[in-house]
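Before any comments, here is the structure.
For reference, positions follow the sequence shown, starting with 1. These numbers come from a predicted model, not from an experiment.
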Amino acid sequence: KMLCSRRCLVTSRQLYSVVHDPNEKTFEKLLVANRGEIACRVIKTCKKMGIKTVAIHSDVDANAVHVQMADEAACVGPAPSGQSYLNMDAIMGAIRRTGAQAVHPGYGFLSENREFAKRLASEGVTFVGPDTHAIQAMGDKIESKLLAKNAKVNTIPGFDGVVKDADEAVRIAREIGYPVMIKASAGGGGKGMRIAWDDEETREGFRFSSQEAASSFGDDRLLIEKFIDNPRHIEIQVLADKHGNALWLNERECSIQRRNQKVVEEAPSTFLDPETRRAMGEQAVALAKAVKYSSAGTVEFLVDSSKNFYFLEMNTRLQVEHPVTECITGLDLVQEMIRVAKGYPLRHRQTDIPINGWAVECRVYAEDPYKSFGLPSIGKLTQYQEPLHLPSVRVDSGIQQGSDISIYYDPMISKLITYGSNRAEALKRMEEALDNYVIRGVTHNISLLREVIIHPRFVQGDISTKFLPEVYPDGFKGHKLTDPERRELLATAASLYVAEQLRSQRFLAQPENRRDGAGVGAGARWELSVNLEDGVYPVTVSKSDSTFSVEVDGMKLNVTGEWNLASPLLSVTVDGTQRTIQRLSRDASGNLSIQFLGTVVSEGQEICVIEAMKMQNSLAAAKTGKVKAVHCRAGDTVGEGDLLVELE
């Protein structure tokens with residue numbers, strides 16, 4: 001009965017354990033109806049369970065990692081998701097051709113689509129997930145709230161019906177009391193959601209939310225409920241079988257969000273005491289049993305500062321952030337889903353479920369964190385190296401060097417997970433992992449992730465869903481250097497510059513032939529002037545063996561390192577402090593670009609509604625003026641830097 005959580009400490013690549021009984025037969029062949037990291041994640045467990053896998057892909061994903069990992073692959077259409085990964089006819093055709101007995105839907109796409117689950121059932125194919133009744137009941141926010149109330153689950157005060165128009169929205173909002181949350185009944189992922197603090201915002205929110213809901217879900221029904229100000233977003237992982245057994249596998253803290261989408265998650269939460277954890281877990285299980293739920297699922301709660309918790313929604317699928325739960329329990333949730341789908345009872349009791357250690361997950365995105373905490377960036381990964389050489393690091397990814405981050409799909413690069421015996425250890429390992437993660441060719445959000453996990457408020461556990469806008473009210477600007485860090489950076493940059501100069505000299509001429517007379521040995525001195533964003537700094541460098549002695553601001557710093565300039569990662573020690581820096585680029589004029597403490601620093605140089613990834617972004621004019629010309633039509637795809645509207 002003991003769970004194998006201790007294996008988390010043994011295998012740095014998975015941080016979960018598959019204890020598979022070869023006599024327990026499940027499926028011969030399983031089709032994964034997804035792409036990217038989650039498809040790869042499902043295929044890994046299938047391989048360990050001896051299940052053959054079928055990947056589906058769009059034409060642009062023909063060489064994707066998940067396609068290479070699977071035993072077979074089927075193209076299901078062109079790049080747009082609606083014509084490929086959401087194309088039920090094409091996917092059903094692939095199932096028939098390959099003889100797959102089961103389908104794992106991953107998350108997103110068709111994972112919570114009742115029609116898809118019905119079509120599979122009609123052809124005798126097992127859907128690795130709950131039955132259609134649970135998908136329908138929990139997929140509709142209005143029905144799920146009523147079911148939750150009946151199951152004695154705490155719910156947020158609000159209006160239980162569908163709101164007909166803006167006038168009714170205002171009337172209901174006044175009855176509930178401002179602020180209110182207007183959200184799509186069929187929604188998810190932060191889409192179709194608006195907060196309103198007065199009548200005018202309610203009317204505007206009703207219009208925007210219904211438009212966004214219609215474009216994202218094909219369903220413009222809205223509901224209104226009390227907005228819990230400054231809440232935490234804490235969710236409970238549940239696991240249930242077809243025999244009436246259900247467990248709660250502890251919580252995940254998911255409060256660090258931007259635009260209602262999660263950025264950093266951890267398990268357990270610093271906020272919950274054992275009594276609140278048990279109460280939330282028992283209510284989550286009560287809801288699962290009320291809808292005869294079977295499979296892995298997640299019940300999301302909002303928790304206020306007094307530890308009152310309110311049901312938000314139930315996700316009837318595997319969550320993006322499931323790895324942190326696997327780390328602290330030792331369970332492989334994909335394996336459990338497959339076992340349950342085959343009809344096996346759960347192997348564990350509630351008392352078997354531990355909280356062993358602490359796990360943190362960062363969602364690494366191809367996004368520019370300096371723009372609204374992350375607007376998508378596209379391009380080819382020219383260099384890519386995951387930090388798997390570090391202990392207790394897990395990376396769930398579906399890309400490799402040379403992969404394209406495309407406009408057609410979610411811009412997630414990977415999920416980076418670190419595990420420790422306690423929170424401080426897990427966070428320290430995350431800091432090291434972020435510093436050692438090499439991603440070139442696309443803009444990424446590592447600088448934001450690193451700043452979040454070292455921020456004093458986050459370290460103390462003082463967080464809410466408003467963390468990012470509160471900590472960065474003017475937007476994220478990167479790491480702000482302290483005086484000692486500035487000196488460290490200047491010393492490191494100067495040492496790196498000299499190391500490169502010396503390497504160039506060795507290539508160009510033997511020491512006795514050099515005209516400049518700058519010797520490589522002891523006693524040589526370099527007088528440098530280093531441009532940093534806030535000024536120009538005189539720096540003096542001398543070298544002895546592999547150590548550089550650097551004078552900055554009248555202080556002497558010793559910089560040591562291996563100076564392997566062919567490596568994207570450089571480990572340097574400045575006066576006893578070890579840092580991993582990344583040398584990003586150097587141009588012909590000698591400008592050096594370095595990633596230091598997660599943020600890119602350049603030495604020697606000056607530092608209409610658009611729908612992007614289904615999020616509507618309003619453009620506001622910075623001054624009053626007449627529209628001179630409009631350069632786009634509704635429905636056009638627009639890129640960063642495109643001219644859309646000209647004002648006179």
Side-chain angles (χ1 to χ4, degrees), residues 140-146 148-149 154-233 255 257-261 300-306 308-313 372-373 464-470 473-475 608-612 614-625 627 634 645:
D140 186 304
K141 284 189 170 61
I142 294 167
E143 188 179 346
S144 66
K145 195 170 175 183
L146 290 171
K149 267 187 178 172
N154 303 349
T155 56
I156 298 169
F159 178 68
D160 293 329
V162 178
V163 183
K164 291 197 285 288
D165 54 36
D167 287 339
E168 189 182 30
V170 168
R171 183 180 59 75
I172 293 163
R174 286 175 177 172
E175 282 175 15
I176 297 168
Y178 287 109
V180 296
M181 171 74 90
I182 302 163
K183 59 185 183 182
S185 176
K191 300 170 182 78
M193 297 171 77
R194 290 289 186 281
I195 299 158
W197 294 80
D198 55 37
D199 292 358
E200 187 183 340
E201 288 185 4
T202 300
R203 290 182 189 282
E204 188 181 81
F206 183 88
R207 180 171 61 86
F208 259 123
S209 290
S210 51
Q211 287 169 3
E212 215 169 73
S215 76
S216 294
F217 314 110
D219 181 346
D220 64 358
R221 292 176 307 145
L222 300 177
L223 62 126
I224 296 183
E225 63 191 18
K226 179 78 176 169
F227 174 62
I228 308 297
D229 201 13
N230 233 31
R232 286 172 179 260
H233 181 130
S255 297
Q257 303 181 3
R258 49 104 175 88
R259 301 191 299 276
N260 293 307
Q261 292 175 314
E300 299 190 343
F301 292 96
L302 286 182
V303 186
D304 71 15
S305 54
S306 304
N308 299 306
F309 58 90
Y310 305 97
F311 170 72
L312 190 60
E313 63 182 351
S372 302
F373 299 111
S464 75
T465 54
K466 290 183 172 179
F467 178 87
L468 288 176
E470 282 177 358
D474 302 320
C608 143
V609 174
I610 299 171
E611 191 170 291
K614 289 274 197 293
M615 296 291 294
Q616 292 206 344
N617 301 297
S618 297
L619 288 182
K623 60 181 181 181
T624 306
V627 175
V645 180

Under the side chain to side chain contact (heavy atoms under 4.5 Å, CB included) rule, what do R171 and D167 come out as? Steps first, then yes or no, please. CA-CA 6 Å; R171 183 180 59 75; D167 287 339; over 6 Å; no
I'd like to know whether N154 forms a side chain to side chain contact (heavy atoms under 4.5 Å, CB included) with F301, so could you lay out the CA-CA distance, the side-chain angles of the two residues, the decisive distance to 0.1 Å, and finally the verdict. CA-CA 9 Å; N154 303 349; F301 292 96; 5.8 Å; no
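The structure places CG of D198 at 10.0 Å from CZ of R174, a figure rounded to the nearest 0.5 Å. Taken from CG in N260 to NZ in K183, the straight-line distance is 9.5 Å, to the nearest 0.5 Å. Between the CZ atom of F467 and the CZ atom of R258 there is a distance of 14.5 Å, given to the nearest 0.5 Å. Going from atom OG1 of T465 over to atom CG of N230 covers 7.0 Å, rounded to the nearest 0.5 Å. Here the straight-line distance linking atom OG1 of T202 with atom CD1 of I224 works out to 6.5 Å at 0.5 Å rounding.
Between S209 and L222, the closest heavy-atom pair is CB-CD2, 3.8 Å. Residues Q257 and L468 approach most closely at O-CD1, 3.3 Å, considering heavy atoms. What you find for A148 and T155 is that their closest heavy atoms are CB-CG2, 3.9 Å. Residue I176 comes nearest to E225 through the heavy atom pair CD1-CA, 4.2 Å, listed as atom of the first residue, atom of the second, then distance. For the pair L223 and I142, the tightest heavy-atom approach, listed with the atom from each and the gap, is CD2-CG1, 3.8 Å. The nearest pair of heavy atoms linking F227 to W197 is CE2-CZ2, 4.3 Å.
For the pair S255 (side chain) and H233 (backbone), a donor-acceptor distance under 3.5 Å is present. Judged by distance alone, the side chain of R259 and the main-chain N or O of F373 form no donor-acceptor pair under 3.5 Å. In this structure a side-chain-to-backbone donor-acceptor pair under 3.5 Å is missing from Y310 to P157.
Between E201 and R194 there is no salt bridge, since none of the side-chain N atoms of the basic residue sits less than 4.0 Å from a carboxylate O of the acidic one. E200 has no carboxylate O lying under 4.0 Å from a charged side-chain N of R203, or vice versa, which leaves the two without a salt bridge. Residues E470 and K466 are not paired through a salt bridge, judged by the lack of any N-O separation under 4.0 Å between the basic side chain and the carboxylate. Under the 4.0 Å criterion applied to side-chain N and carboxylate O atoms, D304 and R232 are not assigned as salt-bridge partners.
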